[in-house]
Every structure is written in C-alpha cells, then in structure tokens.
Amino acid sequence: MKDLDRKPITNSHWGTYWVDIEDGRVSGLEPFEADPDPSPIGQNIIGVLDDPLRITAPHVRKSWLEHGPGAHGERRGEDPFVEVSWDEVNQLIADELERVRKTHGNSAIYAGSYGWASAGRFHHAQGQLKRFLNCIGGYTKSVNTYSFAAAEVVVPHVLGDFRAFLDRMTAWESIAEACDLFVAFGGVPLKNGQITQGGTGAHVQKAGLLAAHAVGTRFVNVSPLRSDVLDEVGAEWLALRPSTDAALMLGLAHTILSEGLHDRAFLERYTVGFDRWAAYLTGESDGVAKSADWAAEITEIPADTIRDLARRMAKGRTMISVAYALTRQDHGEQPYWAGIALAAMLGQIGLPGGGVGFGYSAMNHTGLNRRQVPYAAFPQGQNPVRDYIPVARITDMLENPGGEVDYNGRRLTYPDIRLVWWAGGNPFHHHQDLNRMRKAWAKPETIIANEWCWNALARHADIVLPCTTPLERSDTAMSPKDPYLTMMDKVMEPVGEARDDHEIFRGIAARMGVEEAFTEGRSPEDWQRWLYDVSRQAAARGGVELPGFEELREAGWHRVPEPDEPTVMMKAFRDDPEGRPLKTPSGKIEIFSETIAGFGYDDCPGHPAWIEPLEWLGGATRAAPLHMISNQPKTKLHSQIDHGKVSRADRVQGREPLLMHPEDAAARGLSDGQIVRIFNGRGACFAGLRISEDIRPGVIQMATGAWYDPDGETCLHGNPNALTPDKGTSRLAQGPIAHSCLVEVEAAADVPALKITRPPMIEKRA
Ligand SMILES: Nc1nc2c(c(=O)[nH]1)N[C@H]1C(S)=C(S)[C@@H](COP(=O)(O)OP(=O)(O)OC[C@H]3O[C@@H](n4cnc5c(=O)[nH]c(N)nc54)[C@H](O)[C@@H]3O)O[C@H]1N2
Ligand SMILES: Nc1nc2c(c(=O)[nH]1)N[C@H]1C(S)=C(S)[C@@H](COP(=O)(O)OP(=O)(O)OC[C@H]3O[C@@H](n4cnc5c(=O)[nH]c(N)nc54)[C@H](O)[C@@H]3O)O[C@H]1N2
Ligand SMILES: [Mo]
C-alpha cells in the first residue's frame with residue numbers, strides 16, 4: 001500500500017472502483033475509467049465499514065458459552081451474545097471440533113457453506129474454510145448452486161456439459177451481426193448484469209443490447225415483468241403466467257412441427273430422440289396435443305400470438321435465451337431442456353447470433369466476448385468425507401438424519417449433522433421457507449459463522465468470528481469470467497479485532513496442530529504471488545501474456561485482449577460433429593435421454609415435458625391467489641450490504657418494496673406507499689407497496705435481499721423467503737423452487753419496528 005504512486009483500487013462482484021480515503025476512512029469510490037456503465041451498488045459500502053452493525057470481536061451465544069454445545073439451540077437468534085477473545089474462541093472451537101470428530105466422525109460437520117462471499121482470488125472465504133477442514137479430516141459438502149441447480153444437472157445429460165457453455169455463450173457482437181429475433185424467456189434483466197462472480201471490469205450488457213437493437217434485432221420479453229427488458233429496445237412483452245415457460249415452449253414446438261418448419265437435416269445430424277419428443281408434442285404418446293391452443297390455456301398467452309411467434313422464430317435467425325430464474329421454479333429442468341430442443345428444431349445452434357443461450361444479462365459475463373484464462377485457485381486439498389447433499393436440501397438434511405433422497409440417478413443418505421460452519425454465504429438469505437429452516441437450524445449442537453456484519457446468519461450462530469472486508473486486506477481479482485485483472489488494495493486497517501478468513505483458520509489450525517499443513521509455510525502475500533505466477537504461466541501456455549506481479553501492482557489493473565472472432569456457442573460441434581462430439585452418451589444433443597428415462601422419475605421423464613408446478617396461478621386458491629416472484633435485487637448483490645445507503649434508499653417506510661398491478665391493489669383496497677402484509681401457510685412478511693402496470697395482474701414481485709428479521713413467523717423487513725416453498729425441482733436435480741410461490745396480500749394493521757437495524761444484545765463478561 002505504502003510505496004504506490006497511484007490511488008488505491010478495488011474490485012468486487014459488482015465492479016471496479018478507485019478508492020478515496022479521508023482521515024483513514026473510505027470516503028468515496030470513483031468509477032473505473034474503463035467501465036462504460038458503472039454500477040451504483042459499490043456505494044453501499046460507504047459508511048458501514050465501522051457502523052454499529054460491524055462485528056468487531058469474536059462472540060459466543062450465552063447459553064452455548066455457559067452450558068456447552070447443544071444448549072438451547074431453539075434460542076439461536078434470541079439469546080444474547082458474550083464477547084470473547086481470539087485466544088479463548090480458538091480454543092473453544094478446537095475443542096469442539098475434536099469432540100464432534102471423535103464422537104460422530106467428520107461427516108457430522110456440514111460445511112457446504114454456500115454463498116458468494118466477496119471477490120478476490122486468495123481471500124475466498126469458502127476456499128479457506130474447506131482447506132482448513134480438509135486438514136482435519138474433511139466435512140459433508142454440498143453440490144450445485146441456488147442459481148441454476150436444475151440446469152446444472154439436466155443440461156449435461158442433454159449437451160454433455162453446462163458450465164463450459166455458460167463460459168462460451170454466443171457473444172453480443174455475434175448477436176448484433178446476425179440475430180433477427182431475440183426471444184428472452186425471463187428477459188434480459190440489466191439489473192442482474194451488474195454482477196460477475198470474482199470481479200467485474202467493464203459492464204457490457206447494456207451496450208450489447210443497444211448495439212443489437214440499433215442494427216435491427218427485435219426483442220421479445222417473455223416475463224411477468226415489463227422491466228425485464230430495457231425500455232429503449234421496444235421489446236414485445238408476453239406476460240405469461242409464471243412457471244409456465246415449458247408449456248409455452250411446447251406450444252411453439254408443436255406449431256413449428258405441425259407446420260413443417262423444423263430443420264430435419266439438423267435434427268438428423270446433430271440430435272437423438274426427436275421422434276420420441278415429437279410423439280409427445282403431437283399427443284400420440286399421451287393423448288394430449290401440445291398445440292398453441294393447449295399452451296394458451298396454461299400460459300394465458302393467446303394461441304395466435306404463440307403461432308405467430310413460432311413462425312417468426314422459424315423465419316429468420318433466432319436466439320432463444322433462457323434466464324437462470326427459470327430453473328428456480330418447480331420442474332425447473334424443463335424450460336432448459338425444452339429451450340434447447342426448440343432451438344434444435346430451428347437448426348441454428350452453432351450459427352452466429354442464433355441457437356440457444358443461457359441467461360443473457362443474468363451476469364455481466366454472459367455474451368461478453370473474452371478469452372478463457374485458467375487462473376489458479378487457492379488449493380483446497382482433498383476431502384476424505386464422501387457424504388454430500390444437493391445444496392438446497394439443507395433443511396431436509398437437518399430434519400431427517402439417516403433419511404434418503406433421490407438425486408440424478410443416485411440415492412443419497414442424509415448424514416447426522418452436529419456442527420455447521422458458514423463462511424461467505426447467508427442461508428438466512430438464500431434458503432426457502434425460512435420459518436421451517438429456523439426450526440431445523442435449532443438442532444445441530446454448534447453453529448459457527450465468519451461474518452463482518454450483524455446480519456441474520458451472524459445472529460443465528462453460536463460462535464461468530466469477525467472477518468475483514470476486502471478493503472481491509474490485499475488481494476488480486478482474477479476472474480476467468482472477466483477480461484480485467486485488478487489489484488484489490490488494502491486501504492485501511494481491520495476494524496476492531498476483525499481478522500481475514502485465512503488468519504482466522506490459521507489461528508485454529510495452530511491449536512489443532514495443522515498450521516503447517518494449512519499454510520504450507522506461506523504468508524498471504526506469498527500465496528498471492530504464487531497464485532499469480534501459476535496463473536501467469538497457465539495463461540502463457542494459452543497464448544495470453546500477463547504482466548509481472550510488480551507491473552500489475554504498479555498499474556493497478558490489466559485487460560486481457562478479446563479474441564479476434566466473437567464467440568459462437570457450440571460452433572465447434574456444428575462444424576465437426578464427428579470430430580468434436582458432445583460429451584453425451586450419443587455424442588449428440590439428447591432431445592430424448594435414455595439415461596434420464598432410465599432413472600424412472602415421474603417428475604422428470606426422458607424428454608422435455610410440461611408438469612404442473614406445486615404452486616402456480618393455474619392452481620391458485622382463495623387463500624393464496626397471487627403468484628410471488630422473488631427476483632434479484634437491483635440495489636445490491638443478494639443480502640450483501642443490505643444496510644448500505646443504496647439499498648436503504650430503495651425502501652418504502654424502511655420495508656422491502658412490493659410491486660403489484662393496479663387491479664390487484666384495487667381489489668384489496670390498497671394504495672401506493674402503504675405497508676402491507678404478504679402471507680401464506682408457511683409464513684408472512686411486511687413490505688411497502690408500489691403499484692405499477694409493469695407487472696402482470698395476479699403476479700406480485702418482491703426482490704430478495706432484505707435481512708431476515710423474524711418476529712414469530714413474520715419477517716418484519718420483507719424477506720420473501722419467509723414465504724417461498726422448500727422442495728426440490730424434481731428427483732433429478734433437487735434444485736430450489738423459490739419462484740413457484742403463491743401468496744395473499746392485505747393491508748398491514750400493526751407494524752412493529754425493525755429489530756435488524758440494531759446490533760443484537762451483547763453482554764459483557766461477568
Ligand atoms: N426467494 C429467492 N431466494 C433466492 C433466490 C431467488 O431468486 N429467490 N436466488 C438464489 C440465488 S441465485 C443465490 S446465488 C443465493 C445467494 O445467496 P448467498 O450467496 O448466500 O447470499 P449473499 O448475501 O451473497 O451471502 C454472502 C455472505 O458472505 C458475507 N461475506 C462477504 N464477504 C465476506 C468475506 O470476505 N468473508 C466472509 N466470511 N464472509 C463474507 C456477506 O456479508 C454475506 O452475508 O440466493 C438464492 N435465494
Ligand atoms: N443486481 C443484482 N444482480 C445479480 C444478483 C443480485 O443479487 N443482484 N444475483 C446474481 C446471481 S447469483 C444470479 S444466479 C443471477 C440470477 O439471474 P436471474 O435468474 O435471471 O435473476 P432473477 O432476477 O431472479 O430473474 C430474472 C427475471 O425472470 C423473471 N421471471 C421469474 N419467474 C419467471 C417465470 O416463471 N417465467 C418467466 N418467463 N420469467 C420469470 C422475473 O421477472 C425476473 O426479473 O443474477 C445475478 N445478478
Ligand atoms: Mo445465484
């Protein structure tokens with residue numbers, strides 16, 4: 001920090017900024033000159049680094065401290081905390097880990113620790129936690145994500161891979177060059193394009209969209225929300241019922257098939273199983289033709305609109321984009337599989353500007369034309385424990401040790417979890433049906449969280465370890481998803497007694513006799529240089545020259561040049577299907593999968609299908625007549641820095657805003673700006689009403705991210721996961737289904753004050 005001529009620079013999942021410091025405090029973030037569309041999210045950090053919600057010392061829940069592990073787990077979130085020293089807490093944790101390992105084995109430790117943490121190649125909280133636990137015999141882990149678990153599991157059966165294609169999505173340049181019609185299931189939500197995991201240099205989604213629009217690409221926004229495509233591109237808005245995209249895709253496919261508009265040569269050469277699917281489309285296999293009229297009833301998009309769209313899709317170059325959100329609904333495997341099958345019928349997969357894409361503007365890296373540089377990651381070592389769960393099955397696991405669950409052709413047994421450790425994620429943000437989760441959360445004997453602020457996770461832990469934020473430590477941002485490499489400078493000393501996650505684990509490792517195994521004798525700076533050198537060598541092997549570490553440090557950032565030709569997803573396969581087959585059993589696109597059919601799952605058959613969701617408008621009841629979409633917040637990343645100024649400025653009387661159509665508001669006698677209560681059989685939360693015609697009648701929208709503030713079964717603040725259902729997408733992927741949720745809304749009578757805006761009760765040591 002000291003010997004640099006330049007201003008300090010920082011990077012985050014939401015962007016790169018130059019940092020202003022006044023009197024040792026961060027006073028401002030200046031936009032990065034290379035970023036044409038900087039995100040305001042960064043400003044959330046100003047003022048909260050040392051505010052009263054900052055955790056400044058290790059804390060232990062009073063009952064746990066006084067009575068030992070397992071004491072009054074049901075009081076998590078209510079018991080006061082006691083401040084302790086690092087020495088004391090390290091010994092408590094070392095002893096507790098020994099006890100749990102000896103008595104129950106390492107599989108009794110759950111450290112899936114799902115979550116986004118912060119950018120930075122070395123100070124990655126999960127990586128640090130997992131490496132540490134691997135030094136002492138491992139832990140039960142989780143697989144897949146909350147983002148798109150259903151696609152992560154189904155798409156590899158269909159295309160042989162999923163992640164690899166996400167990183168090679170057809171570039172915006174190719175769309176502008178060749179795409180006539182861009183059909184966006186779930187929109188192209190620019191609010192989401194603010195983010196890239198691991199660091200963002202230049203925000204390109206808006207420019208990509210506008211460039212395509214300028215040369216004549218037409219956009220169709222298939223979504224209950226008008227704002228899912230930028231106004232300027234004048235998209236056609238098809239406001240379907242939520243969770244019915246698979247039915248719409250089937251209706252489109254049926255029209256294309258019955259009018260003979262499908263590309264038989266493509267289907268023949270590049271796919272298997274189309275005949276089986278065609279028999280389902282026509283109704284030959286089950287007696288129901290999936291016609292446009294059939295789809296119109298389910299989706300409430302007029303049949304003529306569906307037929308017309310199908311014809312237009314077959315006429316020119318068409319890109320079918322499927323938002324990640326469509327996986328986070330019941331049977332979320334289906335829109336992905338159906339979207340790929342529909343694109344295969346059009347025969348444009350692998351051609352410029354056409355085919356299928358996954359989540360344009362779900363992240364800034366979708367369609368961002370860039371080279372793939374295989375940057376090194378902090379090595380996590382080997383985990384000897386074989387147990388794992390699909391990530392969103394956490395409550396099931398805690399409720400039901402020894403229980404079984406189907407997953408992707410396997411049958412897993414839930415381990416008996418005694419200790420849970422979270423570092424860099426927030427289950428009280430991300431999981432569904434939080435009232436149910438909270439009860440299961442009372443069961444483990446010990447819960448440890450590394451956090452920097454008093455959010456709901458920290459409040460519901462037994463042992464809270466205060467960590468630093470990126471501005472209090474040095475790191476490098478090297479995301480393989482972004483062309484910018486950036487220094488992340490330490491600009492201030494850690495607040496209070498906060499420690500870097502690495503330092504936290506080093507301290508405990510020392511107590512347990514594994515410090516050398518954990519650090520390999522390297523300091524954090526040694527590790528950072530090591531990671532950089534390994535990355536630089538790997539880049540060079542791929543023909544990418546990176547500057548030396550000192551050179552990067554002096555400049556602050558570096559940009560890896562883009563490839564000469566814009567990326568076209570699956571071009572290699574199209575050009576040479578025999579030489580470059582897909583990694584599926586047939587080497588081709590599997591419109592019918594014998595593998596999946598062989599699993600015999602009634603909720604995920606061998607081809608894309610419409611299966612009625614658990615909750616949707618077609619199944620609405622008098623008690624729960626509205627469909628709630630809980631999408632990503634535009635003012636922050638998930639729950640991160642929800643107490644920051646950009647997030648708070650978007651609140652209605654301090655509560656999370658809820659968007660509702662005027663007809664639905666009138667039917668309930670509600671007016672704009674008032675506090676309402678959203679409820680269903682699982683729970684309730686308060687929200688501030690915003691009335692708008694930009695949402696489909698019958699649907700309400702409330703972003704995720706408000707810190708969970710439970711008062712009984714009600715979240716005072718507006719966390720939609722107090723209401724969402726907790727069930728797997730299907731026996732195949734077991735992904736989360738937050739977006740399939742029915743609720744009712746009423747005027748709020750008594751509205752208690754928020755608790756989450758103040759720190760929890762902390763008692764001094766007697
Ligand atoms: N209803 C509903 N629920 C959803 C979704 C939805 O659409 N609807 N979306 C889902 C999706 S896609 C996702 S990805 C998940 C996101 O869920 P999460 O990734 O769990 O959410 P975050 O708020 O990003 O949690 C990151 C946590 O890490 C902490 N943190 C930041 N930096 C550090 C660090 O350096 N060290 C440590 N120890 N901690 C740090 C932050 O304070 C924060 O509490 O939510 C899911 N939940
Ligand atoms: N600002 C910001 N950006 C983010 C994030 C964040 O927290 N904040 N999170 C990041 C993460 S981890 C992820 S995984 C991505 C997620 O990216 P997405 O999954 O795309 O995010 P969402 O905002 O949940 O959903 C996109 C849109 O889909 C629409 N939608 C919901 N249900 C349906 C449906 O049934 N049918 C159709 N057709 N449309 C529907 C909603 O109107 C919603 O606005 O976003 C990333 N970007
Ligand atoms: Mo996500």
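For ligands, and for the atoms within them, numbers begin at 1 and follow the listed sequence.
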One residue to check: [X]. Relative to ligand 1, which of side chain, backbone, both or neither has a non-hydrogen atom less than 4.0 Å away?
| X | answer |
| --- | --- |
| R473 | side chain |
| S118 | both |
| T469 | neither |
| N721 | side chain |

Exactly one of F165, F148, F185, Y336 should register a ring pair (Phe, Tyr, Trp, His ring centres under 6.0 Å) with F358. Which one does? Y336

Report yes or no: does a heavy atom of Q432 sit under 4.0 Å from some atom of ligand 1?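 Heavy atoms of Q432 do come under 4.0 Å of ligand 1.
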
Angle between ring planes, [X] versus [Y], binned at 30° and 60°: parallel, tilted or perpendicular?
| X | Y | value |
| --- | --- | --- |
| H59 | W454 | perpendicular |
| W527 | F122 | parallel |
| F518 | F132 | perpendicular |

Enumerate the atoms of ligand 1 whose separation from the nearest heavy atom of [X] is less than 4.0 angstrom.
| X | value |
| --- | --- |
| N450 | 37 (C), 38 (N), 39 (N) |
| A125 | 36 (N), 37 (C), 38 (N) |
| N426 | 20 (O), 25 (O), 44 (O) |
| G424 | 26 (C), 27 (C), 28 (O), 37 (C), 38 (N), 39 (N), 40 (C) |
| N455 | 44 (O) |
| D501 | 34 (C), 35 (O), 36 (N), 37 (C), 38 (N) |
| E451 | 27 (C), 28 (O), 29 (C), 41 (C), 42 (O), 43 (C), 44 (O) |

Quick one: does W421's side chain have a donor or acceptor within less than 3.5 Å of a partner on A449's backbone? no

Within the distance-only criterion (no hydrogens, no angle test), does the side chain of T56 pair as donor or acceptor with the backbone N or O of G496 below 3.5 angstrom? no

Rounded to the nearest 0.5 Å, what separation is found between the [atom1] atom of [X] and the [atom2] atom of [Y]?
| X | Y | atom1 | atom2 | value |
| --- | --- | --- | --- | --- |
| S639 | N426 | OG | CG | 4.0 Å |
| N719 | M702 | CG | CE | 7.0 Å |
| H13 | H638 | NE2 | NE2 | 8.5 Å |

Q194-S39 side chain donor-acceptor pair, cut-off 3.5 Å: yes

Under a 4.0 Å heavy-atom cut-off, what residues line ligand 2? I41, W116, S147, G186, P189, K191, N192, Q194, I195, V222, S223, P224, L225, D228, L240, P242, S243, D245, A323, Y324, A325, L326, R328, Q329, A362, M363, I629, N631, Q632, P633, K634, K636, L637, H638, H739

What is the minimum heavy-atom distance between D245 and P335, and which atoms define it?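 Taking every non-hydrogen atom into account, CB-CB, 4.4 Å.
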
Closest contact, heavy atoms only, R54 versus V495: NH1-CG2, 3.4 Å

For K727, look at atom NZ and say whether over 12 heavy atoms of other residues, nucleotides or ligands are found less than 6.0 Å away.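 Yes.
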
For ligand 1, is there an N or O atom under 3.5 Å from any N or O atom of T724?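 By distance alone, the answer is no.
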
Report yes if some N/O of H123 lies less than 3.5 Å from some N/O of ligand 1; otherwise report no. no

